[in-house]
Colleague: 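Right, I'll just put the structure down here and ask away after.
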Amino acid sequence: MSSPSATSHLPPATRWAELVRARGLRATRDVLRVLLLLEASSAPGSHESIMQALQTDGSGQPVDRVTLYRVLDRLMQAGLLTRIQDSGRTAHFTLAQSAPSGFFECEQCHSLTALPDDPQLPALLEQLNARLQQKGLHSTDITLSVHGLCHDCEEDSHKP
Ligand SMILES: [Zn+2]
């Protein structure tokens with residue numbers, strides 16, 4: 001009755017609630033709102049942007065700053081969220097299950113965009129890992145970081 005495939009037919013909130021409880025956390029309203037929000041968004045969210053999005057998610061329930069920090073912290077410890085720090089040292093959060101192998105970071109506004117899926121990338125990262133191991137270095141996580149200007153900032157830089 002509880003095979004993994006069976007849970008995919010449940011409503012998202014119920015599915016998350018089960019997953020959260022399976023990791024030993026309480027499935028509070030705020031925990032579920034954060035997970036649903038990140039699931040629906042295409043880019044990782046900073047504390048600030050998640051805060052703003054939660055204020056307008058239609059539930060009419062504000063989340064206070066401290067509660068959000070605690071929720072993000074708990075979800076990180078439970079392994080449900082991945083934290084990425086940009087070069088400006090701002091933390092961005094994304095679902096661990098959908099964390100891509102890397103990000104494009106805008107040098108101006110520090111927005112993060114997941115790198116496009118490339119079928120060759122996993123093999124390349126494996127190779128890199130093997131080379132590191134030859135040097136006696138054991139990686140636990142590899143995240144590529146590509147820097148440049150995002151569309152918006154690129155356009156702004158062309159304005160007179
Ligand atoms: Zn930008």
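Just so it is clear, the values below take in all heavy atoms, side chains as well, and ignore hydrogens, waters and symmetry mates. Just so you know, ligand 1 is whichever comes first in the structure, and atom 1 is the first atom listed for that ligand.
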Colleague: Considering residues at least two apart in sequence or located in another chain, which fulfil the side-chain hydrogen bond (donor to acceptor under 3.5 Å, both in side chains) criterion with Ser145?
Modeller: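 Partners of Ser145 by the side-chain hydrogen bond (donor to acceptor under 3.5 Å, both in side chains) criterion, ordered by chain and then number, come out as His147.
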Colleague: So, are Glu126 and Arg131 salt-bridged, with charged N and O less than 4.0 Å apart?
Modeller: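 The answer is no: the pair does not qualify as a salt bridge.
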Colleague: Does any donor atom in the side chain of Glu155 or His151 lie under 3.5 Å from an acceptor atom in the other side chain?
Modeller: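 Side-chain D/A pair, Glu155 to His151: absent.
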Colleague: Could you tell me whether Arg33 and Asp30 make a salt bridge, using a distance below 4.0 angstrom between a side-chain N and a carboxylate O?
Modeller: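 Salt bridge flag = yes for Asp30 with Arg33.
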Colleague: With Asp86, which residues qualify under salt bridge (Lys or Arg N to Asp or Glu O under 4.0 Å), at least two apart?
Modeller: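 Asp86 satisfies salt bridge (Lys or Arg N to Asp or Glu O under 4.0 Å) with no residue once adjacent residues are dropped.
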Colleague: Going by side-chain hydrogen bond (donor to acceptor under 3.5 Å, both in side chains), name the residues that satisfy it together with Ser87, two or more places apart in sequence or in a different chain.
Modeller: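 Once residues adjacent in sequence are excluded, the partners of Ser87 under the side-chain hydrogen bond (donor to acceptor under 3.5 Å, both in side chains) criterion are Glu105.
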Colleague: Could you name all protein N, O or S atoms found under 2.8 Å from the Zn ion (ligand 1)?
Modeller: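 The answer, once waters are left aside, is Cys106 SG, Cys109 SG, Cys150 SG, Cys153 SG.
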